[in-house]
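Every chain is numbered from 1 and lettered A, B, ... according to where its sequence line falls, protein lines coming before strand lines. Note that the structure is a prediction, hence the values are computed from the model and not measured.
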2 protein chains.
Amino acid sequence: MKTIALKKDLKKINSPTMADIVELKLMEFLKKTAFQPGDALPKEMELAEALGVSRNVVREGLSRLKMLGLIESRKRRGMVFVRPDILSSFEKILDPIIMDETTLKDIFELRLVLEMGLGELLYRNKTDKDIAVLEKIAKDQDGIGNTFRIKHELAFHGKLYEIAGNETLKRFQIMLLPIFAYVTEREDKPTQGTVNHADLVEILKHGTKEDFNKGMLEHLKPHFDRLENF
Amino acid sequence: MKTIALKKDLKKINSPTMADIVELKLMEFLKKTAFQPGDALPKEMELAEALGVSRNVVREGLSRLKMLGLIESRKRRGMVFVRPDILSSFEKILDPIIMDETTLKDIFELRLVLEMGLGELLYRNKTDKDIAVLEKIAKDQDGIGNTFRIKHELAFHGKLYEIAGNETLKRFQIMLLPIFAYVTEREDKPTQGTVNHADLVEILKHGTKEDFNKGMLEHLKPHFDRLENF
DNA sequence: TATGTATATATGTTCTACATATTAAAGGTA
DNA sequence: TACCTTTAATATGTAGAACATATATACATA
């Protein structure tokens with residue numbers, strides 16, 4: 001017990017390196033200066049001089065911002081600021097890692113919460129054409145294969161987000177789905193409640209928003225139950 | 001119109017640099033090798049030789065993984081694999097950037113969807129003690145100042161996520177809130193519907209899940225309406 | 001056993017030099 | 001003048017060597 005308390009109170013020292021500091025300073029610089037996409041940053045040598053470090057260190061710092069998608073480098077032009085893609089770094093990290101169980105559960109839950117919260121936007125934006133497309137997707141549900149089912153899930157729920165009119169959200173859920181699939185497949189439990197995709201479409205067509213929320217909850221019920229045993 | 005289509009079809013060539021390739025190769029390496037947190041990677045010189053590049057380039061690549069939180073470096077020990085914090089890179093990028101309007105709207109909406117989807121988890125996990133805490137927070141609502149209101153928002157909704165029992169989600173919404181505040185404050189519109197925090201607590205105490213979902217929708221109504229004019 | 005000391009080693013940092021792509025200027029032609 | 005070609009300048013990309021520094025390991029000491 002004592003050691004645990006220690007570990008919590010005295011977190012690692014981790015003295016920052018020059019590159020860490022440069023990274024921070026560059027971030028500040030980007031924030032302070034109101035760069036427009038395409039604007040050029042000072043050149044590496046100038047930054048190096050201003051910060052009092054070698055060009056190498058500056059390059060390491062810049063390299064990190066590049067990874068975040070905040071800058072791009074053009075020969076002769078120098079480094080230019082670009083509007084970063086919010087999800088790209090998230091995507092990079094979500095893929096390769098082995099998450100701990102807690103985070104895994106959190107992410108699993110996150111997706112459920114998103115699905116459950118979608119109703120309002122759907123009922124605000126849906127059109128007859130949307131429903132028709134959704135209906136078609138739901139009809140092609142026959143395939144049984146595992147990889148196929150995932151593809152189908154992606155198609156159906158992806159279309160839902162599309163109807164909601166939120167591209168970021170759609171991409172987000174596409175990223176989440178493999179994780180979702182990983183969790184659902186490691187146990188041999190039903191992956192669908194008593195309400196299936198076709199039923200959901202039917203509700204979306206003729207039912208109220210409240211009906212839809214209830215339907216979605218039924219549809220996701222096995223997953224919610226799965227949370228108990230995590 | 002033509003230029004836009006062009007820009008979409010022919011995305012920049014951006015010939016990858018050695019550092020880009022090293023970054024990729026290292027990612028693959030991390031994925032393939034099932035590293036446990038704390039395991040050491042090969043040392044820089046070995047990587048440099050294996051990849052046929054200078055140590056400098058390897059360091060740039062490693063530096064990027066460091067930014068993602070995938071590795072940490074220890075003197076003499078070498079670089080070690082660490083379980084990355086999923087949200088940290090997202091956090092770094094969310095803060096400094098000036099988002100384009102579309103993304104801003106998407107994020108704004110994302111938060112609304114999350115709040116709306118929270119009901120199920122809340123009703124699964126809430127305890128009397130939780131409600132008591134929430135009640136207290138809602139009572140301290142008197143402050144009018146702008147910064148104070150944000151703090152209060154954070155406290156109340158933060159507690160909701162806490163009750164839901166999802167730390168990732170809670171941190172996520174904390175990151176989202178400043179953006180939310182930015183949007184709400186640039187127009188002079190009401191930020192609260194006819195249902196306030198105290199009302200929500202009351203529903204949570206005695207009402208059904210459906211009541212709560214309706215209440216939350218009412219509470220967020222001004223924000224949903226705001227979406228129309230985005 | 002516990003503590004202090006020494007050494008080897010991997011990362012951190014700096015410098016120098018050269019390669020390469022691309023912009024911008026110079027020059028030539030109609 | 002306007003347009004095309006050539007040239008030169010320049011900022012990033014890459015390599016390699018050298019030294020600084022922290023620290024894990026082994027060893028010595030009490």
What class does the angle between the rings of B/His157 and B/His197 fall in, given that below 30° is parallel, 30 to 60° is tilted and above 60° is perpendicular?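 Judged by the thresholds at 30° and 60°, the geometry between B/His157 and B/His197 is perpendicular.
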
Assign the ring pair B/Phe29 / B/Phe35 to parallel, tilted or perpendicular, where the plane angle (0 to 90°) is split at 30° and 60°.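 Geometry flag for B/Phe35 against B/Phe29: perpendicular rings.
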
Should A/Glu72 and A/Lys66 count as an ion pair when the cut-off is N to O under 4.0 Å?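 Between A/Lys66 and A/Glu72 there is no salt bridge, as every charged N stays at least 4.0 Å from the carboxylate O atoms.
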
Presence of salt bridge, B/Arg124 and A/Asp225, under 4.0 angstrom: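 Here A/Asp225 pairs with B/Arg124 in a salt bridge, since their nearest N and O are under 4.0 Å apart.
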
Report the C-alpha distance between B/Thr127 and B/Asp130 in whole Å, list the side-chain angles of each, state the deciding distance to 0.1 Å, and finish with yes or no for side chain to side chain donor-acceptor pair (under 3.5 Å). CA-CA 5 Å; B/Thr127 67; B/Asp130 286 330; 3.1 Å; yes

Protein-nucleotide distance ([X], atom [atom1]; [N], atom [atom2]), rounded to Å:
| X | N | atom1 | atom2 | answer |
| --- | --- | --- | --- | --- |
| A/Arg74 | C/dA24 | CZ | C1' | 17 Å |
| A/Lys75 | C/dA21 | NZ | P | 6 Å |
| A/Arg77 | C/dA21 | CZ | C1' | 14 Å |

Is there, by distance only and without an angle test, a donor paired with an acceptor across the side chain of A/Arg76 and the base of D/dA9 below 3.5 Å?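 Pair found.
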
Contact letters for nucleotides 14-19 of chain D, in which S counts primed atoms plus P, OP1 and OP2 and B counts the base, heavy atoms under 4.0 Å: BBB-B-

Under a 4.0 Å heavy-atom cut-off, which of residues 40-47 of chain A touch DNA chain D?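 Contacts with DNA chain D under 4.0 Å: A/Lys43, A/Glu44.
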
Is there a side-chain polar atom (N or O) of A/Ser15 under 4.0 Å from OP1 or OP2 of D/dA22?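 Answer is no, no contact under 4.0 Å.
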
Under 3.5 Å donor-acceptor, B/Asp39 side chain and B/Gln36 backbone: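 Side chain of B/Asp39 to backbone of B/Gln36: a pair is present.
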
